[in-house]
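All remarks here apply to the structure that follows.
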Amino acid sequence: MQDRYDPKSIEPRWQAHWASKDLFRAGNRPGAPKKYVLAMLPYPSGEMHMGHARVYCITDVLARYARKRGFDVLHPFGWDAFGLPAENAAIKEGVHPAERTPRNIASFKKDVISLGISVDWSTELSTSDPAYYRWNQWFFLRMLERGLVYRRRAKVNFCPSCNTVLANEQVEEGRCWRCGSVVVEREIPEWAFRITAYADRLLEGLNRIDWPERVVAMQRNWIGRSDGLEIDFAVKGARRKAFRVFTTRADTIYGATYMAVAPDHPLVMELAPQSKKAGLQAFAEKVRRATKEVGEGAQAAEKEGVDAGIRAKNPFTGKEIPVWVANFVLAGYGTGAVMSVPAHDERDYEFARKYDLPIVPVIRPGDDSEPPKDKAYTDYGVLMDSGEFSGMPSEQARLAIAAEAQRRGIGKPAVNYHLRDWGVSRQRYWGTPIPIVYCPKDDPEGKGIPVPDSDLPVKLPDIDVKEVLTGMGEPPLAKVASWVNTECPICGGPARREAETMDTFVDSAWYWARYLDPHNDREPFSRAQADRWLPIDVYVGGPEHAVLHLLYFRFWTKVMQELGLCAIDEPAQKLVTQGIVKGRDGEKMSKSKGNVVSPREIIDEFGADTARLFILFAAPAEKDMDWSDEQVQGQHRFLGRVWRLIQGNLQTIEGVKAGGPPDDLRRRTHKTILRVTQQLERLQFNTAISSLMELSNAATDWSGAPGSLREALEVLVQLLAPFAPHTAEELWRGLGHTEELSRLQWPDADPALVVDDAYQIAVQVNGKLRGEVQVAASANDAEIRDMASRDPKVAGWLQGKTVKKVVVVPKRLVNFVVA
RNA sequence: GGAGCCGUGGCGGAACUGGUUUACGCGGCGCGCUUAAAACGCGCUGAGGGCUACCCUCAUCUGGGUUCGAAUCCCAGCGGCUCCACCA
């Protein structure tokens, strides 16, 4: 064993050793219970960054620990290889994505290995591989058969200067990210997944999984179910014409004094008087431009509207009310029309004040207090001036009014969701081709003809990058004549391929299932493998995917279950969302701020084990952590201390058997086993490492039996193994063992050594700490009370007082309540 | 505006289910080793005070409450972070 702790000489050697023995292969313990530990699929940029390192440290500790607990562990890896960055780089630099991506993967993979992550590389997959994405196409066709994917006309972002459609992410404050032109809305056809059909199942499933509360809350909000009533407001002077509105507050309907409808509501132009039409058109145009120019995330615009000149009838009061066109009514939500109740809705109130529309209160607070005069009263209460419903509480009135509407045939209960269908068409090259063909003869309406399964995969054509990836014009694939022109699968005549590709979130929706069976060329994965390994036991990744990937992959799983591919309908039992790693300045790491620290630097300077310990020790897994060079050195010092501790005691423990009669160190050792085990089960890595430090400190101070010391050192190394595997392997060898530590079972705590025969317990008088006494574990309450009261310090506080009550908490404290 | 999370030393953070607040690490101070420095080792380190080998008072954002006992539970407020945002 070397004198000095030198990770550079240790780490690559053990990495090579593990690989040569294939120690991390899943499936080599067929009878054992399984554990599927997964880190979110990375996009292969050229270098691993700290956020990645953090995820892999977490999954690796879990994977290494689970193997030691006898589980058959699946800890796979792969690459989210399709996507915008590679294509944009290609547009800029002319390098084909298919050329750059493998280079990036190789470099990233090197980093993962040098961090000592125990991956089963036989699972490795890349989503840009036709052997993978053919199954995206296969899923697309199955979903098409079931009506789960459909073609629709939807509003998309369009840059008039680049003449191309942009993804939402490519619109920055309403402008094109590349040329800065104002983005306009355009309606073009696209393919969409019917995720909304699963809204309720997606909500329900959230109750069955162990996910962070905030992610669950975000998904609930995102799905955004609201229960209400759809009801018709008849139009005056136009028989059988009515505006249908959606409301969650049917109880306020007697206070509906006007209606507000979306500017592009189809009935507006149909029903508006001729004199108003030009003005309405102009207003609609203005709103359309404003919504785009303001962009996402900006403050809501000033509420504006125009009287459409249409009059409707409130179906409950029978009164005539005006119909306004308003910029705050969304065409895409509910029915695109609302009944406005200014007395009980803040938005309606603001609008009514601005345009001097009547405000009629119909709800009063249930506690008989006065409703506010200068703003809307939005809480539930008791109805007033509401005909037969007056006096009813809101909760009850909502239902009664809905029932009445239904009885009269003018309304029905309805549910609305915030969730929209998932538009998947992308005008991009570097993605999965959509397996659809358009034939003018067999498909004159352009609905799309599915490519037969036998023709899958529809492979991406090889291209001349400079010619095709210009970032302008039609979708890149449309320019590849030899590819886009094809035969109709029905008539064999000339046809065109769908030139758009799939959203890359399709790739990540099911990759975790492909890991089970990555080379299967007959099906996405076998049912037997699915039954063996699913669901994912622990899934680790960033919370930024809370309502993107983490929603899509739940949806996909439900579809896979319906297709009979797997038994489960929730992909991940437990989710861990790790916090971000901030730079030295406490700001989020970013290239533009120049505060990025690369794991590479740390590995080069201090070794992978130091990097791992630092990342896991600095903060609990779910919390953000600050980068600290001093703390990194602290972990390096700790490993150095352990090294010297063992190195310096080799002679003392030479030939000595671990164990011996119980003593303080042995008890400490076995309690540490118990503690670290619990902490690992609860994913408390930071405190687990503290416990190791405590054991190391105790062993350093030890001057008793060498057998106890040997045991302490061996256990310390065994417990260190999941966290700092290279150092632990080397030390294990140093202690005279020949088998790999990675194969060794987790140590068991001796139950006899984790219980103390005496405890130090706190003595309180009226809840204040006044002393401490040592009591035998066997002592009963009366004995404890007795000893405590005889303690001289405590006795002083009890002097002359009457003890009214004594609380004894076993092993912890005794509290005298005196007066 | 809505939803969620959080507030403990100089700093990162411990504290199991309400039971001795500040484990562990960092930083700081002192000492040792050294010609010297680095590295390493040892000791001290919440604040204030006293009769200073000992003891007291006060401290978990602020203010209330429940309790024998609150960092932990409840109410109100202040501050910070994240996500969604005209959702009818």
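This one's a predicted model, so the numbers in the text were calculated from it and none came from an experiment.
Within 4.0 Å of A/Gly634, counting heavy atoms only, lie sugar-phosphate atoms of the nucleic acid but no base atom. Among the protein residues, A/Ser628 comes within range of no part of the nucleic acid, since none of its heavy atoms lies under 4.0 Å from any strand. Within 4.0 Å of A/Asn697, counting heavy atoms only, lie sugar-phosphate atoms of the nucleic acid but no base atom. A/Val329 comes within 4.0 angstrom of a nucleotide base, judged by non-hydrogen atoms across all strands. Within 4.0 Å (heavy atoms only), A/Gln760 reaches at least one base atom of the nucleic acid.
Rounded to a whole angstrom, the distance from the C1' atom of B/A53 to that of B/U60 is 31 Å. Separating the C1' atom of B/G9 from that of B/A59 is a span of 10 Å, rounded to the nearest Å. Using atom P as the reference point in both B/C11 and B/A47, the two lie 12 Å apart (nearest Å). Separating the C1' atom of B/C6 from that of B/C24 is a span of 22 Å, rounded to the nearest Å. B/G64 sits 15 Å from B/A71 when the P atoms are compared, rounded to a whole Å. Taking atom C1' in both B/C51 and B/U57, one finds a spacing of 16 Å when rounded to whole Å. Across the C1' atoms, B/A39 and B/U20 are found 38 Å apart, a figure rounded to whole Å.
Within 6.0 Å of NZ on A/Lys354 lie more than 12 heavy atoms contributed by other residues, nucleotides or ligands. For A/Glu605, the CD atom is loosely surrounded, since the number of other residues' heavy atoms within 6.0 Å does not exceed 12.
In this structure, A/Leu330 atom CG and B/C87 atom P are separated by 8 Å, rounded to whole Å. A straight line from CG of A/Leu645 to P of B/C40 spans 15 Å, rounded to a whole angstrom. When rounded to the nearest whole Å, the span between CD of A/Gln635 and C1' of B/C24 equals 9 Å. Residue A/Gln219 contributes atom CD, which lies 16 Å from atom P of B/C5 at whole-angstrom precision. Nucleotide B/U21 holds its C1' atom 13 Å from the CZ atom of A/Arg812, rounded to whole Å. Following rounding to the nearest Å, A/Asp345 (CG) and B/G1 (P) show an atom-to-atom distance of 15 Å.
Pair assignment for B/C58 gives B/G46, based on Watson-Crick or G-U wobble hydrogen-bonding distances that are each under 3.5 Å. Applying the Watson-Crick and G-U wobble criteria (two distances, each under 3.5 Å), B/G25 pairs with B/C11. Pairing of B/C83, defined by two Watson-Crick or G-U wobble distances under 3.5 Å, is identified with B/G2. Under the Watson-Crick or G-U wobble criterion, with both distances below 3.5 Å, B/A39 has no partner in any strand shown. Remark: B/G69 base-pairs with no nucleotide in the shown strands. Criterion, Watson-Crick or G-U wobble with two distances under 3.5 Å. Remark: B/U20 base-pairs with no nucleotide; criterion is Watson-Crick or G-U wobble with both hydrogen-bond distances under 3.5 Å.
A/Arg554 and A/Tyr198 share no donor-acceptor pair across their side chains, judged by distance under 3.5 Å alone. When only modelled atom types and interatomic distance are considered, A/Thr196 and A/Asp421 share a side-chain donor-acceptor pair under 3.5 Å.
At a cut-off of 3.5 angstrom, counting only N and O atoms as typed in the model, there is no donor on one side facing an acceptor on the other between the side-chain of A/Arg220 and the base of B/A3. A donor N or O paired with an acceptor N or O is not found under 3.5 Å between the base of B/C16 and the side-chain atoms of A/Arg675.
Taking a cutoff of 4.0 Å between a charged side-chain nitrogen and a carboxylate oxygen, A/Lys671 and A/Asp756 qualify as a salt bridge. In this structure, A/Arg249 pairs ionically with A/Asp251, as a charged nitrogen and a carboxylate oxygen lie closer than 4.0 Å.
Near-neighbour residues of RNA chain B inside residues 688-696 of chain A, defined by a heavy atom below 4.0 Å, number-ordered: A/Ser690, A/Met693, A/Glu694.
With a glycosidic angle no more than 90° from 0, B/U52 adopts the syn conformation.
An OP1 or OP2 oxygen of B/A88 is reached within less than 4.0 angstrom by no side-chain nitrogen or oxygen of A/Arg249.
The distance between the ring centers of A/Tyr355 and A/Tyr258 does not fall below 6.0 angstrom.
The residue from A/Ile615, A/Ile580, A/Val540 that alone fulfils the side chain to side chain contact (heavy atoms under 4.5 Å, CB included) condition with A/Arg54 is A/Ile615.
Side-chain contact between A/Phe638 and A/Ser696 is present, with at least one heavy-atom pair separated by less than 4.5 Å.
Taking the six-membered ring where tryptophan is involved, the planes of A/Trp643 and A/Tyr5 are tilted, since the angle between them lies from 30° to 60°.
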Under 3.5 Å, which N/O atoms of the protein pair with N/O atoms of nucleotides 63-74 of chain B?
{"from": "B/C68", "atom 1": "O2'", "to": "A/Asn815", "atom 2": "ND2", "distance (Å)": "3.4"}
{"from": "B/C68", "atom 1": "O2", "to": "A/Asn815", "atom 2": "ND2", "distance (Å)": "2.6"}

What pairs of nitrogen or oxygen atoms, one from the protein and one from nucleotides 9-14 of chain B, lie under 3.5 Å apart?
{"from": "B/G12", "atom 1": "O2'", "to": "A/Ala618", "atom 2": "O", "distance (Å)": "2.6"}
{"from": "B/G13", "atom 1": "O3'", "to": "A/Asn686", "atom 2": "ND2", "distance (Å)": "3.4"}
{"from": "B/A14", "atom 1": "OP1", "to": "A/Asn686", "atom 2": "ND2", "distance (Å)": "3.0"}

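Considering only residues two or more places apart in sequence or on other chains, A/Phe243 meets the ring-ring contact (aromatic ring centres under 6.0 Å, His included) condition with A/His265. For A/Tyr377, there are no ring-ring contact (aromatic ring centres under 6.0 Å, His included) partners at least two apart in sequence or on another chain.
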* Structure fact -> With sugar-phosphate taken as primed atoms, P, OP1 and OP2 and all else as base, the protein-contact string of nucleotides 41-60 of chain B at under 4.0 Å (heavy atoms; B, S, -) is S-------------SSSS--
